[in-house]
Amino acid sequence: MTLPPGDRIAEALAERIEGPTPGIVVEPDAELLARAVASALVARLAAAQAVHGTASVVLTGGGIGTAVLRHAAELAEEPAPGQAVDWTAVDVWWGDERFVPADDDERNEKGAREALLDRVGAPPERVHPIPASDAGFDTPEEAADWYAGALADAARDAGTDGPLPRFDVLLLGMGPEGHVASIFPDSPAVSDERTVVPVRDCPKPPPTRVSLGFAAITAAEEVWLLVSGEGKAEAVARALGGADRAEVPAAGARGRRATRWLLDAAAASRLPGAG
Ligand SMILES: O=C(O)[C@H](O)[C@@H](O)[C@H](O)[C@H](O)COP(=O)(O)O
């Protein structure tokens, strides 16, 4: 494991950190982190489109996740070489969602539409929100089953084996106790083998949610964990120090080809070797 303070995420991506060992990149602060991740994200999606014709991304809510989307929208206005994403050919999924009405400010979908999707004209047929509580489903269980079906349909349409389409990049924030998506420590979701899981009695409000399970998260080509702030430093150190995923769910967030921990200096401050 290396810890290169101040390295640019784009440079680290260019080195193509791959394999079972997570790659760690540290930017000086949250704003620089969000800008660097946005730049890396559009480059990664453009590269996927060059290979496959389309790209797919799984979005997260949270402060950094939403800031990344805002910066990605800015980059779409004047794309740099290698960063021209055709947003009409990007499939957009979510890692988790709050089971509240569609117009509720708590919806990750709402934040993502405002920050990016509406600004780049993402077409409705490629945007796949997790159902809201007023979208015709009475329970998060029904909504989760439906979303698992939507993922399986997309996989079948793309000719992909198994219940999940290709996810080029799956973005995750992390809570101070190590939760990712809506998989909270020691909750039923940590051992739920379904691709999409209903979440009730969530310790962080709102209490009712729908989340990808580990089966779906670990199927992504690349998992990028976006973490800023001193309050997350201990969980970062525990996750990267080999904690059990039941206790620190972020420890179980691994991509098939790459896992990248994209941190600001405060979030990295308790890693071995940090100044
Ligand atoms: O309610 C939630 O579950 C949170 O929104 C969560 O999913 C978020 O992504 C992380 O807590 C990181 O959030 P920040 O980037 O704002 O710290």
Side-chain angles (χ1 to χ4, degrees), residues 9 25-27 29-38 41 57-72 92-100 104-116 129-130 132-133 140 143-144 169-190 192 196-214 216-217 220 223-239 245 248-253 260-270:
I9 288 169
V25 181
V26 183
E27 292 285 336
D29 60 39
E31 172 61 16
L32 290 170
L33 176 66
R35 286 183 183 277
V37 173
L41 178 64
V57 63
V58 181
L59 301 182
T60 177
I64 291 283
T66 307
V68 166
L69 301 188
R70 269 199 305 276
H71 290 307
V92 179
W93 303 89
W94 271 266
D96 73 327
E97 190 54 276
R98 290 89 186 271
F99 195 61
V100 294
D104 193 312
D105 288 342
E106 293 274 9
R107 290 277 295 174
N108 291 334
E109 175 194 353
K110 189 173 182 187
R113 286 189 185 281
E114 290 169 1
L116 174 69
I130 294 174
S133 62
V169 181
L170 184 145
L171 301 173
L172 291 171
M174 185 192 76
E177 80 301 57
H179 84 260
V180 287
S182 285
I183 306 177
F184 283 74
D186 301 313
S187 69
V190 297
D192 195 314
V196 188
V197 300
V199 177
R200 290 180 179 270
D201 304 319
C202 183
K204 181 178 175 189
T208 310
R209 300 165 175 229
V210 174
S211 180
L212 296 191
F214 279 124
I217 290 171
V223 169
W224 296 8
L225 293 118
L226 322 177
V227 191
S228 70
E230 167 68 28
K232 313 276 180 82
E234 188 182 336
V236 169
R238 290 183 70 200
R245 76 179 194 184
V248 184
R260 306 179 193 284
W261 283 78
L262 309 175
L263 310 173
D264 73 357
S269 61
R270 298 210 193 164

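Bear in mind that the values here come from a model prediction, so they are computed numbers and not experimental data. In each ligand, atom 1 is the first atom listed, and ligand 1 is the first ligand listed.
- Here the side chain of Asp264 pairs a donor or acceptor atom with the backbone of Gly229 at under 3.5 angstrom.
- Annotation: Asp96 places no N or O atom under 3.5 Å from an N or O atom of ligand 1; distance criterion only.
- Within the 4.0 Å heavy-atom criterion, the part of Arg209 lying near ligand 1 is the side chain and not the backbone.
- Glu106 CD: more than 12 foreign heavy atoms inside a 6.0 Å radius.
- With hydrogens and angles disregarded, a donor-acceptor distance shorter than 3.5 Å links the side chain of Glu97 to the backbone of Glu109.
- Salt bridge absent: Asp104 and Lys110 never bring a charged side-chain N and a carboxylate O closer than 4.0 Å.
- Checked for salt-bridge contact, Arg70 and Glu114 miss the test: no charged N lies under 4.0 Å from a carboxylate O.
- Shown in contact with His179 at under 4.0 Å from a heavy atom are these atoms of ligand 1, numbered in order with element: 2 (C), 3 (O), 4 (C), 6 (C), 7 (O), 11 (O).
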For Leu171 and Leu41, what are the C-alpha separation, side-chain angles and deciding distance, and is it a side-chain contact (heavy atoms from CB on, under 4.5 Å)? CA-CA 10 Å; Leu171 301 173; Leu41 178 64; 4.2 Å; yes

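- Under a 4.0 Å criterion applied to the non-hydrogen atoms of Thr60, ligand 1 contributes the atoms 9 (O).
- Considering only non-hydrogen protein atoms, atom 13 (O) of ligand 1 sits nearest to Gly62 CA, 3.7 Å.
- For ligand 1, the polar-atom distance check against Gly63 finds a nitrogen or oxygen pair separated by under 3.5 Å.
- With a 4.0 Å cut-off on non-hydrogen atoms, Lys232 touches ligand 1 through its side chain and not its backbone.
- At distances below 3.5 Å, not a single donor-acceptor pair connects side-chain atoms of Ser182 with backbone N or O atoms of Asp96.
- In terms of protein heavy atoms, atom 9 (O) of ligand 1 is closest to Gly61 O, 3.6 Å.
- Remark: side-chain polar atoms of Arg107 are paired, donor with acceptor, to backbone N or O of Arg98 under 3.5 angstrom.
- In terms of protein heavy atoms, atom 4 (C) of ligand 1 is closest to Lys204 NZ, 3.1 Å.
- For atom 1 (O) of ligand 1, the nearest non-hydrogen atom of the protein is Arg98 NH2, 2.4 Å.
- The protein atom (non-hydrogen) at minimum distance from atom 12 (C) of ligand 1 is Met174 O, 3.5 Å.
- Near Ile64, meaning under 4.0 Å from any of its heavy atoms, are these atoms of ligand 1: 15 (O).
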